[in-house]
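Shown next, in structure tokens, is the structure this report addresses.
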Protein chains: 2
Amino acid sequence: MSDLQRSGCPINLTLEVVGDKWSLLIIRDMMFGNRRHYRELLGGSEEGISSNILADRLKTLLAAGIISRDDDPSHKQKGIYSLTEQGIELLPILAQMAGWGYKYLPVSEELGIRARLLMEGGPKMWAEFMDELREIHLGIKRRKKAGPSVGERLQAAYQRVLAEQAETRRS
Amino acid sequence: MSDLQRSGCPINLTLEVVGDKWSLLIIRDMMFGNRRHYRELLGGSEEGISSNILADRLKTLLAAGIISRDDDPSHKQKGIYSLTEQGIELLPILAQMAGWGYKYLPVSEELGIRARLLMEGGPKMWAEFMDELREIHLGIKRRKKAGPSVGERLQAAYQRVLAEQAETRRS
DNA sequence: CTAACTGCTTTCATTTTGCAATCAGTTTGA
DNA sequence: TCAAACTGATTGCAAAATGAAAGCAGTTAG
């Protein structure tokens, strides 16, 4: 991670911060998988990031102000990583990327269902989800809405597909 | 550019195609700078891509179906690169990245003005710009709107800032 | 008191990047 | 006509980034 910038273009600057193969996947896992500890991020992702790369990216993201780190009171060595407001606002980028990938790339059914829902939900759903993330990561209380949260709905849809697949395989 | 995928996650798959430091900058130059030839892309960008990297990325983007290549009738060796529909639909990702970068990173004034306009214009402006790109790159005629196009407005705003800066420097 | 778990760091091989030089064909201009 | 400039690349090589596996020191649970 070099620190000299190539240009003052906003797209270029954004790419210099999160334009590698892993940073946005870490953010994704924090957002959609609610992973907050090093070990969760290490083992939880589909892709299997190496420990050295994860450590390096967490450091970079921390320095960039996209995530923050607090000690976990339950364990002296454990740290809890949280998204900052800046990190939470990466959601629309992730959502657009998910939508594009869903449309044009060979996405697996179970991992694509969230992308489809986010696409169908549009910016309004993203904003709601961001509010939920603010509550989880920043402790900012939000007005409770009726029914399940966006996070819950995404998770439920994912589980539903998994169940359907198990069903199909059995028959 | 390895070809074995890490997971069927739409975000991951998208990152595997355009998740490097250069691909999206090339797309950006084709979209906003209307650069269509190898030499234009090589020399035109703020960032100064190397010729071998550019050649490699063009090959990758071609293989991924994000751009296409045609011979230029005016010069037997010249090729014209165009965005495909798939490539044009990367615009919302770029727009979101530009918006995020504009908000949180030290963007230069002259290069940030387009980002600001795209943010203010929102998805509606993006859709209009994508229609203009379809006309330019795919030859799909669009219903002519009154007034200057989005591309022209962005370009004009950029020039206006440059002129203002020259003015300020003189006084 | 030991085994498992914590967040990393180290090591080293492989891959990617980036710069400069080069190349062969094409066109332009004297 | 013939050299210079321009076309889209490719090559060689050094430097940097990446990635897998092993290791490490402190912490906690049994």
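Numbered from 1 within each chain, the chains take letters A, B, ... in sequence-line order. On a predicted model such as this, the values are computed, not experimentally measured, just so you know.
Between D:dT18 and A:Trp22, no contact under 4.0 Å exists linking OP1 or OP2 to a side-chain N or O. Neither OP1 nor OP2 of D:dA5 sits under 4.0 Å from any side-chain N or O of B:Arg39. Applying the 4.0 Å criterion to OP1 and OP2 of C:dT17, one finds that B:Arg57 has a side-chain N or O inside that range. Distances shown here put a side-chain N or O of B:Lys59 below 4.0 Å from the OP1 or OP2 atom of D:dT10.
Here C:dC8 presents its P atom at 8 Å from CG of A:Leu54, a figure rounded to the nearest Å. If you measure from atom NZ of B:Lys21 to atom P of C:dG18, you get 9 Å, rounded to the nearest angstrom. Here the P atom of nucleotide D:dA9 and the CD atom of B:Glu40 are 13 Å apart, to the nearest Å. Atom CG in A:Leu61 sits about 13 Å away from atom P in C:dC8, given to the nearest Å. At whole-Å resolution of the value, CD1 in A:Ile67 and C1' in C:dG7 are 13 Å apart. In this structure, CG of A:Asp56 is placed 12 Å from C1' of C:dT9, rounded to the nearest angstrom. Regarding B:Asp71, its CG atom lies at a distance of 12 Å from the P atom of C:dT27, rounded to whole Å. One atom, CD1 of B:Ile80, and another, P of D:dA9, lie 13 Å apart when rounded to the nearest Å.
Distance from the side chain of B:Ser51 is smallest for C:dA20 among the nucleotides D:dA22, C:dA20, C:dT17. Nearest nucleotide to the side chain of A:Tyr81, out of C:dC8, D:dG19, D:dG8: C:dC8. Here the side chain of B:Ala55 is nearest to one of D:dA9, C:dT9, C:dG7, namely D:dA9. Which of C:dG7, D:dG19, C:dA20 sits closest to the side chain of A:Ile53 comes down to D:dG19. Taking the side chain of A:Asn52 as heavy atoms from C-beta on, and the options C:dT9, C:dT6, D:dA20, the nearest nucleotide is D:dA20.
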Test side chain to side chain contact (heavy atoms under 4.5 Å, CB included) applied to A:Arg39 and A:Lys78, step by step:
CA-CA 9 Å; A:Arg39 289 280 164 180; A:Lys78 239 173 175 172; over 6 Å; no
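Between B:Arg116 and B:Glu120, at least one side-chain nitrogen of the basic residue sits less than 4.0 Å from a carboxylate oxygen of the acidic one, meeting the salt-bridge criterion. Look at B:Glu85 and B:Arg134 and you find a salt bridge, because one of the NZ, NE, NH1 or NH2 atoms lies within 4.0 Å of a carboxylate O, short of that distance. Between A:Arg153 and A:Glu128, at least one side-chain N (NZ, or NE/NH1/NH2) sits under 4.0 Å from a carboxylate O, which counts as a salt bridge. Between B:Lys21 and A:Glu16 no salt bridge is recorded (no basic side-chain N to carboxylate O distance below 4.0 Å). Looking at A:Arg28 and A:Glu47, a side-chain N of the basic residue comes within less than 4.0 Å of a carboxylate O on the acidic one, giving a salt bridge. Of the charged side-chain nitrogens involved, at least one lies within less than 4.0 Å of a carboxylate oxygen, so that B:Asp20 and B:Arg57 count as a salt-bridged pair.
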Protein proximity profile, nucleotides 25-30 of chain D - base contact B, sugar-phosphate-only contact S, no contact -, cut-off 4.0 Å on heavy atoms
BBSS--
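Annotation: A:Tyr158 is not in aromatic contact with A:Phe32 [ring centroid separation under 6.0 Å not met].
Remark: A:Arg69 qualifies as a cation-pi partner of A:Tyr81 under the 6.0 Å distance and 45° angle criteria applied to the six-membered ring.
Taking both residues in full, the closest heavy atoms of B:Ser82 and B:Asp70 are given as OG-OD2, 4.4 Å, listed atom of the first, atom of the second, then distance.
Contacts between residues 41-50 of chain A and DNA chain D, counted as heavy-atom distances below 4.0 Å, involve A:Ser50. Of the residues in residues 25-37 of chain B, those lying under 4.0 Å from DNA chain D by heavy-atom distance are B:His37.
The backbone N or O of A:Leu118 lies less than 3.5 Å from a partner atom in the side chain of A:Trp126, making a donor-acceptor pair.
Residue A:Arg35 forms a side-chain contact (heavy atoms from CB on, under 4.5 Å) with just one option from A:Leu42, A:Ile26, A:Leu41, and that option is A:Leu41.
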